[in-house]
Amino acid sequence: MSIVTLSASPSPASRSARLAEHVNAQLARRAIAAQHIRIAGLPAEALLNADTRHPAVARSVEAVAEAAGIVIVTPIYKASYSGILKTFLDLLPQFALSDKVVLPLATGGSLAHVLALDYALRPVLQSLGAHHVVQGYFVLDTWFGGDDEPIADGRARSDLACAVDAFARSLAFDAVAEAAV
């Protein structure tokens with residue numbers, strides 16, 4: 001089963017990328033391997049020009065197409081997901097998330113931005129045909145810790161683990177259902 005984690009912060013040393021790596025480690029403990037694509041690492045000119053023929057962009061779009069599940073991690077800026085995420089999602093075909101389970105995650109400096117997951121990001125994911133969008137989770141910037149424990153806040157760590165569990169269960173359910181067909 002192929003899983004892709006998209007981190008959508010323009011900063012190379014972002015909390016969103018750290019969260020993506022933390023989630024990938026949680027998935028690995030469940031014997032689920034995930035490929036981490038840092039959207040900011042893709043060529044900016046190719047992204048901005050919607051050049052899906054550029055090899056790096058084409059590989060990323062193909063990875064999404066082949067994945068059974070997608071984890072999207074974005075910082076929340078000005079009450080919405082990042083522009084770099086929007087740019088990448090705009091490159092995908094209309095129903096690129098059909099038959100996929102999606103886990104939306106966000107980071108931000110204020111709990112006032114929590115609703116951006118449901119009111120800004122979820123409609124876009126559904127418009128791309130997502131089969132099932134698992135309940136997302138928002139990680140407040142102050143909940144992050146050091147390298148030894150990326151999510152320092154115990155309650156946040158537990159709640160995030162529940163979100164990842166729900167994602168893994170949905171993937172397993174879809175795999176069983178597909179095998180039965």
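Taking 4.5 Å as the limit, every side-chain heavy atom of L105 sits out of range of all side-chain heavy atoms of I72. The side-chain heavy atoms of V71 and V4, taken from C-beta on, include no pair separated by under 4.5 Å. Inter-residue side-chain proximity for H22 and I151 is flagged as met; some heavy-atom pair is nearer than 4.5 Å. Proximity of V133 to Q126: side-chain heavy atoms (C-beta onward) are separated by under 4.5 Å at one or more points. With a 4.5 Å cut-off on side-chain heavy atoms, T5 and I70 do not count as touching. Side-chain contact between L171 and I3 is present, with at least one heavy-atom pair separated by less than 4.5 Å.
Put simply, F144 and V23 are part of the same group of oily side chains (I, L, V, M, F, W, Y) that touch within less than 4.5 Å, one to the next. A single hydrophobic cluster is seen to contain both L160 and V114, as judged by linkage of ILVMFWY side chains at heavy-atom distances under 4.5 Å, directly or through other members. Under the 4.5 Å side-chain heavy-atom criterion for grouping Ile, Leu, Val, Met, Phe, Trp and Tyr, L111 is connected to L117 within one hydrophobic cluster. With hydrophobic clusters built from ILVMFWY side chains whose heavy atoms lie under 4.5 angstrom apart, Y77 does not share a cluster with L6.
Applying the side chain to side chain donor-acceptor pair (under 3.5 Å) test to pairs two or more places apart or on separate chains, none has a residue in residues 47-73. Pairs of residues two or more places apart, or lying in two chains, that qualify as side chain to side chain donor-acceptor pair (under 3.5 Å) and include a residue from residues 149-159 are R155-D159.
Residue A116 comes nearest to A79 through the heavy atom pair CB-O, 3.7 Å, listed as atom of the first residue, atom of the second, then distance. Pairing each heavy atom of Y81 with each of A120, the nearest pair is CE2-O, 3.5 Å. Minimum heavy-atom separation, T74 to S16: C-OG, 3.5 Å. Nearest approach of L121 to P104, heavy atoms of both residues: CD2-CB, 3.8 Å.
Through chains of ILVMFWY side-chain contacts below 4.5 Å, Y119 is grouped with L115.
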Please list every donor-acceptor pair under 3.5 Å in which a side-chain atom of residues 84-96 meets a protein atom from a residue at least two apart or in another chain.
residue	atom	partner	partner atom	Å
K86	NZ	D90	OD1	2.8
T87	OG1	G83	O	2.9
Q94	NE2	S127	O	3.0

What pairs of donor and acceptor atoms, side-chain ones from residues 31-47 against any protein atom, are under 3.5 angstrom apart with sequence neighbours left out?
residue	atom	partner	partner atom	Å
H36	ND1	E21	OE2	2.4
H36	NE2	S7	OG	2.7

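Rounding to the nearest 0.5 angstrom, the gap separating the CG atom in L103 from the NE2 atom in H132 is 9.5 Å. Here L19 contributes atom CG and F138 contributes atom CZ; the two are 11.0 Å apart, rounded to the nearest 0.5 Å.
At distances below 3.5 Å, at least one donor-acceptor pair connects side-chain atoms of S14 with backbone N or O atoms of A17.
Evaluation of the side chain to side chain donor-acceptor pair (under 3.5 Å) rule for R29 yields no partner, not counting sequence neighbours. By the side chain to side chain donor-acceptor pair (under 3.5 Å) test, D118 pairs with R122, sequence neighbours left out. Applying the side chain to side chain donor-acceptor pair (under 3.5 Å) rule to S9 yields no partners; only residues at least two apart in sequence or on another chain are considered. In this structure, R18 has no side chain to side chain donor-acceptor pair (under 3.5 Å) partners at least two apart in sequence or on a different chain.
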Inset, instruction - Go through F167 and L27 one step at a time and tell me if the side-chain contact (heavy atoms from CB on, under 4.5 Å) criterion holds. - result: CA-CA 9 Å; F167 178 69; L27 290 170; 4.0 Å; yes

Inset, instruction - Apply side-chain contact (heavy atoms from CB on, under 4.5 Å) to T107 and I76, showing your working. - result: CA-CA 6 Å; T107 61; I76 301 297; over 6 Å; no

